[in-house]
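Worksheet: one structure, shown below.
Residue numbering restarts at 1 for every chain, and letters A, B, ... go by the order of the sequence lines.
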Number of protein chains: 2
Amino acid sequence: MPKNNAFPQELVNTIHLGDTIETLKQLPESSVDVIFADPPYNMQLEGNLKRTDGSVFQGVDNAEWDKFSTLEKYKKFTRDWLIEAKRILKKDKSSLWVIGSFQNIYIVGDVLQELGFWIINDIIWSKTNPTPNFMGTKFTNKQETLIWATPDKKTKYHFNYKTMKALNDGKQMTSVWEIPVASGNERIKTREGDKLHPTQKPEKLLYNVIISSSKRGDLILDPFMGSGTTGAMAKRLGRNFFGIEQDEKYREYAISRIENEKTISDDFTDAKFDIKAPRVKFKELVTAGYISEEEKIFFKKTDKYAYVSAEKELFYDGEHFGISKLGGKLSDSEANANGWDVWFVEREQKRIPLSVIRTEYREKELGFYEK
Amino acid sequence: MPKNNAFPQELVNTIHLGDTIETLKQLPESSVDVIFADPPYNMQLEGNLKRTDGSVFQGVDNAEWDKFSTLEKYKKFTRDWLIEAKRILKKDKSSLWVIGSFQNIYIVGDVLQELGFWIINDIIWSKTNPTPNFMGTKFTNKQETLIWATPDKKTKYHFNYKTMKALNDGKQMTSVWEIPVASGNERIKTREGDKLHPTQKPEKLLYNVIISSSKRGDLILDPFMGSGTTGAMAKRLGRNFFGIEQDEKYREYAISRIENEKTISDDFTDAKFDIKAPRVKFKELVTAGYISEEEKIFFKKTDKYAYVSAEKELFYDGEHFGISKLGGKLSDSEANANGWDVWFVEREQKRIPLSVIRTEYREKELGFYEK
DNA sequence: CATTGATATGAATCCTACG
DNA sequence: ACGTAGGATTCATATCAAT
């Protein structure tokens with residue numbers, strides 16, 4: 001198991017003013033749980049990096065950025081920050097999100113894969129209120145795309161499956177999210193009353209990203225912090241954050257925005273749904289006396305039964321098996337069955353599935369109760 | 001204007017049995033209106049995927065045509081066929097569609113842009129009935145992505161804007177299309193009753209692609225023809241097609257499928273909606289005598305007026321202007337106005353907008369009538 | 001014939017902690 | 001790193017049989 005490093009405590013829940021790549025280089029490797037990135041888009045105009053609305057992210061007056069006038073330069077920029085992102089993501093379990101539109105997302109996705117990132121899903125943010133195409137020259141550009149990936153094929157990721165299902169009326173959440181563009185009260189205004197940031201992401205989008213792929217206490221890093229939606233949603237959901245932003249004005253507004261945000265109760269987050277029950281082995285039930293070594297273990301409601309073997313697994317037809325393997329075998333399936341549901345014991349002349357015994361064991365011996 | 005070449009007449013509305021890249025190399029450059037391509041997706045599959053009931057999901061397993069050993073090889077394959085696609089697309093006006101999913105679309109999009117293709121839209125095919133994620137490990141993969149691009153930034157493309165708007169209940173069609181997966185009767189079966197092709201595309205998808213981006217009589221080329229949906233929809237909509245398919249069985253079924261397809265009437269295609277009225281210059285109306293050189297041209301219903309200038313444009317305040325530029329100027333707008341709607345002439349003591357005069361001119365002199 | 005219910009299936013990078 | 005056993009897991013729709 002690769003060692004995870006501690007993220008510098010003094011940086012937790014702060015926004016660093018500075019260049020993205022330079023700042024990332026200062027951070028320890030294998031120290032971050034989730035990265036969410038909303039990088040500038042390559043508009044291929046006069047050597048400036050621009051946001052989707054055409055506003056300048058970094059202009060030609062900065063000598064370094066002047067180089068990014070072509071596709072290749074944008075690709076280099078993308079590769080540079082993604083290499084650092086990969087380095088600082090935890091090696092055992094972590095994931096990265098990047099949002100973009102057709103101007104840049106294909107480049108981002110290609111570089112990701114070249115660097116060995118492994119795509120989990122691509123998510124479509126389908127805007128319920130997109131800007132129409134005024135000229136009638138093409139289809140209304142309705143969506144932006146998020147790529148969700150692990151830094152390596154072998155790296156695990158956190159996914160609050162049940163939480164997302166609960167948030168979606170009890171159905172599996174899909175990769176297409178219908179969310180309106182940030183507007184009204186949600187949109188941060190300057191003191192002069194103008195919108196602060198041209199591409200402020202809606203809270204609901206970041207809420208989904210953070211609640212689905214992290215847990216309480218995790219560290220979420222945003223290399224292009226902007227108006228601070230990532231930090232605000234991280235705080236709301238009880239996560240920690242670290243932001244990087246090179247524009248002092250954005251940073252200022254983001255800090256005060258996040259200060260005003262409150263952390264909500266566990267009852268409304270993933271902590272309510274995605275609780276993993278402790279693993280139990282069949283042996284444990286025998287050792288703890290919940291199942292006797294002599295009793296018959298019945299296959300479903302049939303006449304077939306096995307005995308507890310010397311290894312405290314099942315003994316059937318002269319051989320030793322685990323409950324899942326033998327369950328699968330008798331079920332005429334190539335796959336394992338869920339052994340806890342196909343094997344029964346008799347208690348007071350009724351057949352009780354092993355899963356019920358397991359629940360009793362978890363409650364009485366391990367103090368774990370299902371919600 | 002670059003010269004377009006004729007596509008070989010004997011190949012029109014046929015399916016060629018052979019390798020995609022080799023076949024494309026035989027075709028003349030600048031000879032095709034639209035390419036729709038559904039290349040292999042390079043999915044990395046290991047083992048079987050089973051449902052909870054033990055049945056095996058039949059995806060594209062054992063599909064030899066989807067096996068590429070490395071990302072680099074897939075990228076080379078993509079580059080090779082796209083180079084040929086670019087060569088045979090008409091230089092003045094044409095476009096290309098490619099469909100894919102997250103396993104390959106970022107590579108395709110990146111190569112497209114590297115080769116100088118210019119993305120018009122990316123379209124999300126949002127499946128109304130996607131395959132769920134059986135194991136609950138990630139979001140349900142709901143969509144596939146189509147990239148629509150011209151072979152070069154300067155190349156024009158055909159877009160039946162009004163048709164798509166009419167097909168979308170009178171609202172601009174967006175880049176997110178809700179379409180079910182091909183199933184039931186639409187799914188082509190073999191004589192043995194199995195599905196013919198693992199990845200048959202729905203007719204509605206190809207219908208949208210073809211009707212939006214081509215006109216009657218155009219040639220649509222499909223380099224990976226498969227079950228022939230492209231050919232069938234091309235025929236239904238009165239377009240020509242050319243397909244390439246390397247599997248004899250698929251080709252056979254596709255040919256008979258297309259034979260059974262009927263071409264529908266003009267009334268139900270783009271020919272009904274997207275008729276472009278001929279462009280008219282203000283001068284033409286003067287030359288043809290629809291406007292006299294001496295008369296006053298009034299700005300809306302105000303007192304302001306201009307005269308026809310010597311150059312047969314407008315003369316106002318000592319300067320010469322086109323009708324749109326001067327219209328915008330007087331409208332206090334930075335943009336040009338639609339000159340045909342803001343300028344009026346007097347006929348029988350009533351002010352008539354120039355657009356009415358233009359309509360009369362189009363009908364009587366050019367034989368063009370609005371539908 | 002209408003309605004209900006059982007069954008089949010779709011481009012899928014579809015498990016993971018522990019020893 | 002790898003094998004093994006424990007454990008968790010699906011939705012919309014079309015077809016067809018049964019009522």
Heavy atoms under 4.0 Å, any strand shown: does B/F57 hit a base, just sugar-phosphate, or nothing?
-> base
Verify the neighbour count for atom OH of A/Y305: are there more than 12 heavy atoms of other residues, nucleotides or ligands below 6.0 Å?
-> no
Over how many whole Å does the gap from B/R51 atom CZ to D/dT13 atom C1' extend?
-> 13 Å
Side-chain N or O of B/T128 less than 4.0 angstrom from OP1 or OP2 on D/dA12?
-> no
Would A/Y316 and A/F321 count as a close aromatic pair, with their ring centres under 6.0 Å?
-> no
Can you check the A/D152 CG to D/dA1 P distance for me, whole Å?
-> 11 Å
Which residues share a side chain to side chain contact (heavy atoms under 4.5 Å, CB included) with B/E252, sequence neighbours left out = B/R191, B/E248
Quick one: label A/Q172 by what it contacts on the DNA or RNA (base, sugar-phosphate, nothing), any heavy atom closer than 4.0 Å.
-> sugar-phosphate
Touch check for B/T140, heavy atoms < 4.0 angstrom, all strands: base, sugar-phosphate only, or nothing?
-> nothing
Between D/dG6 and A/R358, is there an OP1 or OP2 to side-chain N/O distance shorter than 4.0 Å?
-> no
Scan B/W125 against the nucleic acid and name what it touches under 4.0 Å (heavy atoms): base, sugar-phosphate only, or nothing.
-> nothing
Counting heavy atoms from C-beta on, name the nucleotide in C/dG19, C/dA12, C/dT13 closest to the side chain of A/W118.
-> C/dT13
Taking atom C1' of D/dT9 as reference, at what distance in whole Å does atom CE of A/M164 sit?
-> 18 Å
Touch class at under 4.0 angstrom, heavy-atom based, for B/N141 against every strand present | sugar-phosphate
Within the structure shown, what part of the strands sits under 4.0 Å from B/G226 by heavy-atom distance: base, sugar-phosphate, or nothing?
-> nothing
How long is the line joining CH2 of A/W343 and P of D/dA5, in whole Å?
-> 15 Å
Output yes when at least one side-chain N/O atom of A/Y161 is less than 4.0 Å from OP1 or OP2 of D/dT10, else no.
-> yes
In whole angstroms, how far is the P atom of D/dT9 from the CE atom of A/M173?
-> 16 Å
Could you identify which residues of residues 286-293 of chain A place a heavy atom less than 4.0 Å from some atom of DNA chain D, listed by residue number, or say none?
-> none
Pick base, sugar-phosphate or nothing for B/D38, based on heavy-atom distances below 4.0 Å to the nucleic acid.
-> base
Would you indicate whether the side-chain heavy atoms of B/Y207 and B/L167 approach each other to under 4.5 Å?
-> yes
So, with a heavy-atom separation below 4.0 Å from DNA chain D, the residues of residues 180-208 of chain B are B/S183, B/G184, B/N185
Using a heavy-atom cut-off of under 4.0 Å over every strand shown, decide if B/T137 touches base, sugar-phosphate, or nothing.
-> sugar-phosphate
Establish, with yes or no, whether the OP1 or OP2 oxygen of C/dT9 is under 4.0 angstrom from a side-chain nitrogen or oxygen of B/Q58.
-> no
Is it true that the NZ or CZ of B/K50 lies under 6.0 Å from the centre of B/F57's six-membered ring and within 45 degrees of the ring axis?
-> no
With syn defined as a glycosidic angle within 90 degrees of 0 and anti as anything else, the base of C/dT13 is syn
